[in-house]
Amino acid sequence: VQLQASGGGLVQAGGSLRLSCAASGRTIVYYIMGWFRQASGKEREFVAAINWSGEDTSYADSVEGRFTISRDNARMTVYLQMNSLKPEDTAAYYCAAAFRPIHPPSVSTMKEDNEYDDWGQGTQVTVSS
């Protein structure tokens, strides 16, 4: 599946942004979807993941309570609502897809980037203090 992330930009601390990840090529129904981020000079890190139905989600401790991942399978789009943004949230954000059509694992186990099969290009989020 091809992924296209968008919605990044420059925002002041305390502000909000909503990232979108549009999929194409095949349905995302049997995909676990995730968001990762990579700050300059740092390794890529897990942000959030969501299961097929959207009922099971998992978050990094650093964003728990501030970020919300959701999906619209009919629109083949995954979202990341980011509230109460902090300067340390500044990074390129990437969406990713893991094809798990049979016995999908809990999303709480899907925090490593090597679990994901397809990646979109990054969208830059910059939070000013």
Side-chain angles (χ1 to χ4, degrees):
V1 66
Q2 290 78 49
L3 304 172
Q4 178 80 31
S6 62
L10 174 64
V11 63
Q12 288 188 332
S16 299
L17 282 174
R18 188 176 81 156
L19 305 184
S20 298
C21 175
S24 61
R26 62 186 301 178
T27 178
I28 61 170
V29 169
Y30 296 121
Y31 283 84
I32 290 174
M33 302 297 295
W35 285 97
F36 288 75
R37 67 186 182 186
Q38 187 169 21
S40 180
K42 296 186 177 181
E43 293 187 354
R44 186 163 55 190
E45 64 175 3
F46 170 78
V47 175
I50 189 167
N51 72 338
W52 297 349
S53 67
E55 295 175 351
D56 187 21
T57 58
S58 180
Y59 297 93
D61 290 343
S62 59
V63 307
E64 182 84 51
R66 300 187 297 122
F67 290 11
T68 303
I69 188 171
S70 61
R71 65 191 293 162
D72 184 335
N73 288 337
R75 296 180 183 273
M76 294 179 60
T77 303
V78 180
Y79 304 97
L80 185 68
Q81 177 67 43
M82 306 185 296
N83 298 329
S84 301
L85 282 161
K86 304 176 181 180
E88 50 263 46
D89 294 319
T90 295
Y93 282 71
Y94 299 86
C95 59
F99 186 56
R100 299 289 187 274
I102 301 173
H103 303 307
S106 167
V107 293
S108 64
T109 67
M110 297 293 292
K111 298 183 178 181
E112 299 296 329
D113 55 7
N114 60 11
E115 295 281 355
Y116 292 82
D117 308 304
D118 301 303
W119 291 82
Q121 91 298 348
T123 186
Q124 180 67 34
V125 172
T126 303
V127 184
S128 63
S129 58

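All values below were derived from every heavy atom in this structure, side-chain atoms included, with hydrogens, water molecules and symmetry-related copies excluded. All values derive from a computational prediction rather than experimental measurement.
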Q: How many angstroms lie between atom CZ of Arg18 and atom OG1 of Thr68, to the nearest 0.5 angstrom?
A: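 Here the rounded value is 11.5 Å.
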Q: So how far is it from Arg66 CZ to Tyr59 OH, rounded to the nearest 0.5 Å?
A: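 With rounding to 0.5 Å, CZ (Arg66) is 12.0 Å from OH (Tyr59).
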Q: Any side-chain hydrogen bond (donor to acceptor under 3.5 Å, both in side chains) pairs touching residues 74-87, not counting sequence neighbours?
A: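 Residue pairs with at least one partner in residues 74-87: Ser16-Asn83, Asp72-Arg75, Gln81-Asn83.
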Q: Keeping Gln121 on the side-chain end and Ala5 on the backbone end, is there a donor-acceptor pair under 3.5 Å?
A: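 It does hold such a pair.
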Q: Any side-chain heavy atom of Thr90 sitting closer than 4.5 Å to one from Val125?
A: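 Side chain of Thr90 against side chain of Val125, heavy atoms only: no contact under 4.5 Å found.
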Q: Can you measure from CD (Glu112) to CZ (Arg44) and round to the nearest 0.5 angstrom?
A: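 One finds 11.0 Å between CD of Glu112 and CZ of Arg44.
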Q: Quick one: are Val29 and Met76 in side-chain contact, heavy atoms under 4.5 Å?
A: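 Heavy-atom side-chain distance check fails, nothing below 4.5 Å.
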Q: Spell out, as yes or no, whether a donor-acceptor pair under 3.5 Å connects the side chain of Arg100 to the backbone of Trp52.
A: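 A pair under 3.5 Å: no.
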Q: Indicate if Val127 and Tyr94 have the same hydrophobic cluster label, given that clusters are the connected sets of ILVMFWY residues with side-chain heavy-atom separations under 4.5 angstrom.
A: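 Val127 does not cluster with Tyr94.
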Q: Give a yes or no on whether the backbone of Gly8 and the side-chain of Thr123 come within a donor-acceptor separation of less than 3.5 Å.
A: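 Present.
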Q: More than 12 foreign heavy atoms under 6.0 Å from CG of Asn114: is that the case here?
A: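 Yes.
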Q: Tell me if a side-chain donor or acceptor on Asn51 pairs with a main-chain N or O of Asp56 at a distance below 3.5 Å.
A: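 A pair under 3.5 Å: yes.
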Q: Evaluate the ring planes of Phe99 and Tyr31, with Trp represented by its six-membered ring, and classify them as parallel (under 30°), tilted (30 to 60°) or perpendicular (over 60°).
A: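 The rings of Phe99 and Tyr31 sit tilted, inter-plane angle from 30° to 60°.
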Q: Within the structure provided, determine whether Ile32 and Ile50 are in side-chain contact (heavy-atom separation under 4.5 Å).
A: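 Not in contact.
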Q: Can you name the nearest heavy-atom pair linking Ser129 to Ala13, along with the distance?
A: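 That would be CA-CB, 4.3 Å.
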Q: Between Cys21 and Trp35, which heavy-atom pair has the shortest distance, and what is it?
A: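 What the structure gives for the nearest pair is CB-CZ2, 3.6 Å.
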Q: Is the shortest heavy-atom distance from the side chain of Val1 to the side chain of Ile28 under 4.5 Å?
A: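 Contact flag for Val1/Ile28 side chains = yes.
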Q: Among residues two or more places apart or on two chains, list those pairs meeting ring pair (Phe, Tyr, Trp, His ring centres under 6.0 Å) that have a residue in residues 103-129.
A: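 Passing the test, one end in residues 103-129: Phe36-Tyr116, Phe36-Trp119.
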Q: Quick check: do Pro105 and Met110 have side-chain heavy atoms less than 4.5 Å from each other?
A: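 SC-SC contact between Pro105 and Met110 confirmed.
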Q: Are side-chain heavy atoms of Glu45 and Arg37 found at a separation under 4.5 Å?
A: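 When only atoms from C-beta onward are counted, Arg37 and Glu45 do touch, with a gap below 4.5 Å.
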Q: Between Val47 and Phe67, is there a side-chain heavy-atom distance shorter than 4.5 Å?
A: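 Counting from C-beta outward, Phe67 and Val47 do come under 4.5 Å.
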Q: Is it true that Phe46 and Leu85 fall in one hydrophobic cluster, defined by side-chain heavy atoms closer than 4.5 Å?
A: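 Phe46 does not cluster with Leu85.
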Q: Given side chains that start at C-beta, do those of Leu19 and Met82 come closer than 4.5 Å, heavy atoms only?
A: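 Heavy-atom side-chain distance check passes, below 4.5 Å.
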